[in-house]
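I have placed the structure first, in the form of structure tokens, so that the comments after it can refer back to it.
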Number of protein chains: 2
Amino acid sequence: MGMSQTKEESLYIGIDGGGSKCRATIYTSDYRILGTGVAGRANPLHGLAQTFQSIEESTQLALADAGLAASDSKRLIAGLGLAGVNVPRLYQDIANWQHPFASMYLTTDLHTACIGAHQGEEGAVIITGTGSCGYARVAEQELFLGGHGFALGDKGSGAWLGLKAGECALLDLDGFGEKTQLSQRLFDYFGVNNALGIVENLAGQSSSTYAKLARVVFESASEKDSVALDIVTEGAGYISELARKLFAINPPRFSMIGGLAEPLSPWLDEDVLAKTSPILQPPEWGAAFFAKQQHAKA
Amino acid sequence: MGMSQTKEESLYIGIDGGGSKCRATIYTSDYRILGTGVAGRANPLHGLAQTFQSIEESTQLALADAGLAASDSKRLIAGLGLAGVNVPRLYQDIANWQHPFASMYLTTDLHTACIGAHQGEEGAVIITGTGSCGYARVAEQELFLGGHGFALGDKGSGAWLGLKAGECALLDLDGFGEKTQLSQRLFDYFGVNNALGIVENLAGQSSSTYAKLARVVFESASEKDSVALDIVTEGAGYISELARKLFAINPPRFSMIGGLAEPLSPWLDEDVLAKTSPILQPPEWGAAFFAKQQHAKA
């Protein structure tokens, strides 16, 4: 019950890899936080070397924050939530890594986010930030929906809203379709005064550049701009439908996660909102819980 | 009137730069073809060094084809049609090039395509291939419409049709929206049997990869698949509207250019089809005509 660490005590590290950041938190076996670390992106779909480097960096930062030595990584039982590891080949590539931990347990970032949101219980989550996707895990059933990436899928996500805003503004400026205040708002946002200026700022840019325009769409929608209203209504309609598809396997609990969860919520259907519960723990907690659970089985 | 070349005779080279190929044709002053050459891509928006290299390569191939020496490039009065040179900065970058020609005259690929289509007369064109855009030139008026690039614009283009096909198939496979035979057709096309297989073949791919799917959409539309019909109808509707906007400045002649011109034509509105005339000359001819015209003024 004392606060001091003994050599015998098992320590857990929960690591949440993502497209922009990698977050690591070291926990005691009763989920007390000892230290945290944040490093660069760790999405195996965008490169394994970078992923491994960000995991090691965030781990070292968390160890230092906990007052532990770099070599103490060997004491850590690690849980990793990473995008794309539902693809067997990618799972194997990461499982084969000569990792610095005592043991390593690997699952998708959606799974660890879901475990965290419901504090270890089963349930469903929708993640809407730069991208969008749905996940549910009930008994032995696991459901992945959407999340096919920008610009092919991820409807209702920040990047999707931003792309629609760009498309609609350029159509408007060319004299097609409805007039929209999105055109002027994009001029202001980029500090330009014509269509070419918008194109120069968006052409070939990554999903995160587009996702930054989501706020502009919500602002225009709240001022009843009908083009922006159509975009937000279509995106939110998809997210509501995504939630209902997750509900089909009867998850005991449901949460919305990510930067767009809050701005989207006023636009979701009532039946979805009524079933939405707050997030209880972050994905790193979910990753640590997963590691502890798997380690107990091993 | 003889067939032999004398040192005194002026020779013209018309060069059409594009996103996948660079085509060069050497003409006599009465537009007799002496030789042609084709090299790799020459789109300054995707890189100046590559553009200059493709121009030089296609020129050398055309010279060799004409039985001329490499050093005879110094005899050529060159006309270049290149994407993006309506942007002053890009125009200047290319005008500053230490080119291998006697003189060089530069304009947009849309302008040279339009000159070619109407054999030197004024008019309007819509180019629909991997991308889509409209162009008209009448008196001193010049109109550029659309063509904002994949995935932001280029509605009705091959890449746009392909992206829509991918989006709709993935929505269908996730259980959203209408069932569509596009899903099975994309499985067949890529030799896969699930949504992830489609995503792996399309995520992060260039516009030309998407454009190859256009045929699949037309085939499904011709078999009355309602999702494919909606895609083709929306794309063709945009192209018809684009044509009408060009007609607003009263071009004496109008042509459709590019790989999608023919498959799209059954879907265009009657008033647009009625005003569509055949292409008279290729863009390289237009570029040579432009060079000769500018050179006479200089």
Side-chain angles (χ1 to χ4, degrees), chain A residues 45-46 84 86-90 133-134 143-156 159-160 162-171 173-177 186 194-207 209-210 213 234 237-242 244-246 248, chain B residues 45-46 84 86-90 133-134 143-156 159-160 162-171 173-177 186 194-207 209-210 213 234 237-242 244-246 248:
Chain A
L45 297 165
H46 301 150
N86 48 322
V87 178
R89 182 183 44 78
L90 210 54
C133 57
L143 188 57
F144 291 95
L145 277 178
H148 303 305
F150 180 74
L152 198 52
D154 290 14
K155 215 167 161 175
W160 182 89
L163 179 64
K164 290 286 150 196
E167 279 178 26
C168 291
L170 292 172
L171 286 172
L173 294 168
D174 274 355
F176 291 87
L186 293 189
N194 58 31
L196 195 61
I198 294 177
V199 173
E200 288 185 328
N201 278 285
L202 286 178
Q205 295 298 308
S206 70
S207 53
T209 300
Y210 282 95
L213 303 179
E234 185 184 347
Y238 170 82
I239 298 293
S240 288
E241 194 53 35
L242 190 58
R244 283 187 208 103
K245 289 199 186 299
L246 296 173
Chain B
L45 297 166
H46 301 151
N86 47 324
V87 179
R89 183 182 45 77
L90 211 53
C133 57
L143 188 57
F144 291 95
L145 277 178
H148 303 305
F150 179 76
L152 199 52
D154 289 16
K155 215 167 159 174
W160 182 89
L163 179 64
K164 290 285 152 197
E167 279 178 23
C168 290
L170 291 173
L171 285 172
L173 293 168
D174 274 354
F176 291 88
L186 293 189
N194 56 32
L196 195 61
I198 295 177
V199 173
E200 287 185 328
N201 277 285
L202 286 177
Q205 294 299 307
S206 70
S207 53
T209 299
Y210 282 96
L213 303 179
E234 185 185 348
Y238 170 82
I239 298 293
S240 289
E241 192 55 33
L242 189 59
R244 283 186 208 104
K245 289 197 186 297
L246 297 173

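Note: hydrogens, waters and symmetry copies are ignored here, and every other heavy atom, side chains too, is used. Here the structure is a predicted model, which means the values were calculated and not measured. Residue numbers begin at 1 in each chain, while the letters A, B, ... track the order of the sequences.
At a 4.5 Å heavy-atom cutoff, the contact between A:Leu242 and chain B is made by backbone and side-chain atoms alike. For A:Tyr238, the parts lying near chain B are the backbone and the side chain together; criterion is any non-hydrogen pair under 4.5 Å.
Interface summary for chain A: among B:Ala195, B:Gly177, B:Gly175, B:Ala203, the most heavy-atom pairs under 4.5 angstrom belong to B:Gly175. The candidate from B:Leu170, B:Leu145, B:Leu163 with the greatest count of non-hydrogen atom pairs under 4.5 Å with chain A is B:Leu170. Of the listed residues (A:Ile198, A:Leu45, A:Val199, A:Asp174), the greatest number of heavy-atom pairs within a distance under 4.5 Å of chain B belongs to A:Asp174. Per-residue counts of heavy-atom pairs under 4.5 Å with chain A were compared for B:Gly153, B:Gly146, B:Gly134, B:Gly149; the largest is that of B:Gly146.
Nearest heavy-atom pair across A:Leu152 and B:Glu167 is O-CG, 3.0 Å.
By the salt bridge (Lys or Arg N to Asp or Glu O under 4.0 Å) test, B:Glu234 pairs with B:Lys155, sequence neighbours left out.
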